[in-house]
Chemist: 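Please find one structure pasted underneath; my questions will follow.
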Amino acid sequence: MTIRTRFAPSPTGFLHIGGARTALFSWAYARKHAGQFILRIEDTDVARSTPEAVQAILDGMKWLGLDWDEGPFYQMQRMDRYKEVIQKLLNDGTAYYCYSSKEELEALRESQMQQGLKPRYDGRWRPEAGKSLPPVPEGIPPVIRFKNPQTGIVSWQDMVKGEINISNEELDDLIIARADGTPTYNFCVVVDDWEMGITQVIRGDDHVNNTPRQINMLHALGADIPQYAHLSMILGNDGQKLSKRHGAVSVMQYDEDGYLPEAVLNYLARLGWSHGDDEIFSMDQFCAWFDLDHITPSAAQFNTEKLNWLNSHYIKQADLAYLAGDITKRLASKSVFVDMDYSAPDLQKVIDLYRDRANTLNELADSIAYFYKMPEIDEAAATKHITADILPVIKTMTEQLAGLDWSVEAIHALINQLVTENGLKFPKIAMPLRVMLTGNAQSPSIDAVMYLLGRDEAISRIEKFTDSH
RNA sequence: GUCCCCAUCGUCUAGAGGCCUAGGACACCUCCCUUUCACGGAGGCGACCGGGGUUCGAAUCCCCGUGGGGACGCCA
């Protein structure tokens, strides 16, 4: 049997980190088993679903590179089919009309809660042999409920949590069609998972309690029961639950914040899943290794520091041309443009010199911006490193720069020569240069920086500094 | 309240009864490298929630606590 998995988000917001991991695991499982990965949009909540959210989810999937083999299917476009199946259930006697009003049900719930009972529908409209139903009220459009078994235990071998048993006595007759006739989530999922031939349902563990209901409906339809894998949730950096008003962000925010999709993917893969001690791996490797046996059943706390570490790793590995394209855009968004009025240093060379000091692409962009615009001088650093006694040495150097064979080695040799002639230590000259050239006291080797900046620009920045100080 | 789930360093995790004096990674600390800051290298700190069983032997199995989370919608 071919493996078929699915990712089934509801388009009520962006693709967040938890959804992304669920999608990643479903995707990887299908890839590992040469199966199909299906994307299904669960948009039956018309009031909350938006086309923007659909697009946001698609964008997120695309950025991560999670490609699907079928879909996206939209549940709203499958209404006719759901209604057919509901009719079948009605005909079979495994579903029935219920005329209880919302207010009535609310009151029922309330009183059950007060008695310390689990709130559930009491089956007042459930047809039973020899039972007389209440008279059908006027003007109340009925909902349709599934006739859930009242005894027995629903049991399944969850692929991450192990055996789970839930008594049918805990369940009630859930609504499968609203008063307006539209089917509800639990029902649509059942029909879709069945008809789309889903073999492994991999989803968040907030669905554990829906599973027995869905299994019962699957049985009523004569469908095969898929395997279930319930993933625990991802907590925020602070260990708190992620929610719209607390910490939940779109995966696209990571793009904006300067993270490479490879890093996010690798991080997410490792969050709740493991392959021995392996920490860094490609998606090809991940797909080859992935299994449901090594998923942790407990919740995992997000850790930005570790994501940063992975991101810095992938920045070091990334293709330079790709990085240059990306960094150009990031600089442009800060009004820093690589084409300048002086002969600007080659972006790829600059990036190559700076890439292993950055955690994010934004940091990388910020760190090299001064190659393409005049830096602001950190006056504290200037005061600390540029002392009156060193100025003549710098001046001498500036003069010699003019005729220098322009190479890192030659610049280095020149500084060394001045160090020796003046009985100084290397930093005594390097630090002032750093401040004059870059504006602050941290940079890669000053000879390499100066080399990339170019002779004219280096001289001009030194002169500009000395003129203004 | 009822049901379900979870529980190893600060964090992510390895661990399927002896390989555990509990391993790796991030973070942190120290040292080395060094031209500042990083990178890199070498070390270090640091955990089996508690209590009972089972067993020759338990982080691993069972039970009870405790703590955390989730679900109880005409949301998904």
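By convention in this document, chain letters (A, B, ...) are assigned in the order of the sequence lines, proteins followed by strands, and residues within each chain are numbered from 1. For the numbers below, each heavy atom of this structure counts, side chains included, while hydrogens, waters and symmetry mates do not.
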Chemist: By the 4.0 Å heavy-atom rule, please label Ala300(A) as base, sugar-phosphate, or nothing.
Modeler: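 Sugar-phosphate contact only.
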Chemist: Mind calculating the distance between NZ (Lys161(A)) and C1' (G70(B)) to the nearest angstrom?
Modeler: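 Taking atom C1' of G70(B) as the reference, NZ of Lys161(A) is at 9 Å.
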Chemist: When you get a sec, tell me which of A76(B), A25(B), C4(B) is the closest nucleotide to the side chain of Tyr185(A)?
Modeler: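 So the nucleotide nearest the side chain must be A76(B).
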Chemist: Does a nitrogen or oxygen in the side chain of Arg109(A) sit under 4.0 Å from OP1 or OP2 of C72(B)?
Modeler: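 Arg109(A) to C72(B) OP1/OP2: no side-chain N or O under 4.0 Å.
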Chemist: Using a 4.0 Å heavy-atom cut-off, does Thr438(A) contact any base of the nucleic acid, only the sugar-phosphate backbone, or nothing at all?
Modeler: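 The answer is nothing, as Thr438(A) stays clear of every strand by at least 4.0 Å.
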Chemist: When you check the phosphate oxygens OP1 and OP2 of U36(B), does a side-chain N or O of Ser443(A) lie under 4.0 Å from one of them?
Modeler: no
Chemist: Does Glu279(A) get its side chain close enough to the base of G24(B), under 3.5 Å, for a donor-acceptor pair?
Modeler: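 When only heavy-atom distances are counted, Glu279(A) does reach the base of G24(B) through a donor-acceptor pair under 3.5 Å.
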Chemist: Give the nucleotide from the list C74(B), G40(B), C26(B) with an atom nearest to the side chain of Lys102(A).
Modeler: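 So the nucleotide nearest the side chain must be C74(B).
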Chemist: Looking only at side-chain N and O atoms, does Asp205(A) offer a donor or acceptor that is under 3.5 Å from a partner on Ser232(A)?
Modeler: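 No, Asp205(A) and Ser232(A) have no side-chain donor paired with an acceptor closer than 3.5 Å.
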Chemist: Write down the distance between CE (Met233(A)) and C1' (C4(B)), rounded to a whole number of angstrom.
Modeler: 15 Å
Chemist: Tell me the interatomic distance from Gln112(A), atom CD, to C3(B), atom C1', rounded to whole angstroms.
Modeler: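 Between C1' of C3(B) and CD of Gln112(A): 14 Å.
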Chemist: Expressed in whole Å, how much space separates the P atoms belonging to A71(B) and G50(B)?
Modeler: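 Per the computed distance, 29 Å lies between those P atoms.
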Chemist: Within the structure, does a side-chain N or O atom of Lys428(A) lie under 4.0 Å from either OP1 or OP2 of U36(B)?
Modeler: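 Indeed not, no polar side-chain atom of Lys428(A) lies that close.
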Chemist: Measure the acute angle between the ring planes of Tyr451(A) and Trp406(A), then classify it against the limits of 30° and 60° as parallel, tilted or perpendicular.
Modeler: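 The arrangement is parallel - the two ring planes meet at less than 30°.
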Chemist: Atom CD1 of Ile234(A) to atom C1' of G69(B): distance rounded to whole Å?
Modeler: 15 Å
Chemist: Nearest of C4(B), A76(B), G70(B) to any side-chain atom of Val208(A)?
Modeler: C4(B)
Chemist: Let me know the distance between CG of Asp206(A) and C1' of G69(B), rounded to the nearest Å.
Modeler: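 From Asp206(A) CG to G69(B) C1': 11 Å.
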Chemist: Respond yes when some side-chain nitrogen or oxygen of Ser232(A) is under 4.0 Å from OP1 or OP2 of C5(B), and no when none is.
Modeler: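 No, because none of the side-chain N or O atoms of Ser232(A) sits under 4.0 Å from OP1 or OP2 of C5(B).
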Chemist: In this structure, how many angstroms lie between the P atom of A14(B) and the CH2 atom of Trp289(A), rounded?
Modeler: 14 Å
Chemist: Can you tell me the pairing partner of U60(B) across any strand shown, Watson-Crick or G-U wobble, with both distances under 3.5 angstrom?
Modeler: none
Chemist: Hey, is the side chain of His412(A) pairing donor to acceptor with the base of U35(B) inside 3.5 Å?
Modeler: yes
Chemist: Counting only side-chain heavy atoms from C-beta out, which of A76(B), A27(B), C12(B) sits nearest to Gln301(A)?
Modeler: C12(B)
Chemist: Show me the protein contacts with nucleotides 43-47 of chain B, counting only N or O atoms at under 3.5 Å.
Modeler:
none

Chemist: Which one of His207(A), Glu42(A), Gln75(A) satisfies the side chain to side chain donor-acceptor pair (under 3.5 Å) criterion with Tyr185(A)?
Modeler: His207(A)
Chemist: Base of G23(B), side chain of Asp277(A) - is there a donor-acceptor contact under 3.5 Å?
Modeler: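 In this structure, the two groups form a donor-acceptor pair.
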Chemist: Under 4.0 Å, heavy atoms only, any strand: does Asp447(A) hit a base, just the sugar-phosphate, or nothing?
Modeler: base
Chemist: Counting distance alone, no hydrogens or angles: does the base of A76(B) have a donor or acceptor under 3.5 Å from a partner atom on the side chain of Asn210(A)?
Modeler: yes
Chemist: Pick the C1' atom in A42(B) and in G17(B), then give their distance to the nearest Å.
Modeler: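 Roughly 36 Å separates the two C1' atoms.
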Chemist: Measure CG/Asp173(A) against P/G73(B) and give the value in whole Å, please.
Modeler: 13 Å
Chemist: Go ahead and name the base partner of C74(B); Watson-Crick or wobble counts if both distances stay under 3.5 Å, otherwise write none.
Modeler: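 By the stated definition (distances under 3.5 Å), nothing pairs with C74(B).
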Chemist: Could you go step by step and tell me if Phe290(A) and Phe25(A) meet the ring-ring contact (aromatic ring centres under 6.0 Å, His included) rule?
Modeler: CA-CA 8 Å; Phe290(A) 186 68; Phe25(A) 284 9; 5.0 Å; yes
Chemist: Charged N to carboxylate O under 4.0 angstrom, Asp43(A) versus Arg78(A)?
Modeler: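 Answer for the salt bridge query: no.
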Chemist: Determine whether a donor-acceptor pair (one donor, one acceptor, N or O, separation below 3.5 Å) exists between the side chain of Arg434(A) and the base of U35(B).
Modeler: yes
Chemist: Test side chain to side chain donor-acceptor pair (under 3.5 Å) on Thr5(A) and Arg203(A) and set out the steps.
Modeler: CA-CA 10 Å; Thr5(A) 63; Arg203(A) 64 190 359 172; over 6 Å; no
Chemist: Nearest whole angstrom, please: distance from the P of U11(B) to the OH of Tyr267(A).
Modeler: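 Distance, rounded to whole Å: 12 Å.
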Chemist: With a 3.5 Å limit on both atom pairs, tell me what A38(B) is paired to, counting Watson-Crick and G-U wobble, or say none.
Modeler: none
Chemist: Checking salt bridge (Lys or Arg N to Asp or Glu O under 4.0 Å) against Asp172(A), which of Arg124(A), Arg109(A), Arg213(A), Arg126(A) comes through?
Modeler: Arg213(A)
Chemist: Just say parallel, tilted or perpendicular for the rings of Trp273(A) and His275(A), cut-offs at 30° and 60°.
Modeler: parallel
Chemist: Which nucleotide, U35(B), A76(B), C12(B), lies nearest any side-chain atom of Ile446(A)?
Modeler: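 It is U35(B).
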Chemist: For A71(B) and Lys118(A) - does any side-chain N or O of the residue sit under 4.0 Å from the phosphate oxygens OP1/OP2?
Modeler: no
Chemist: Evaluate the ring planes of Tyr267(A) and Phe302(A), with Trp represented by its six-membered ring, and classify them as parallel (under 30°), tilted (30 to 60°) or perpendicular (over 60°).
Modeler: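 The arrangement is perpendicular - the two ring planes meet at more than 60°.
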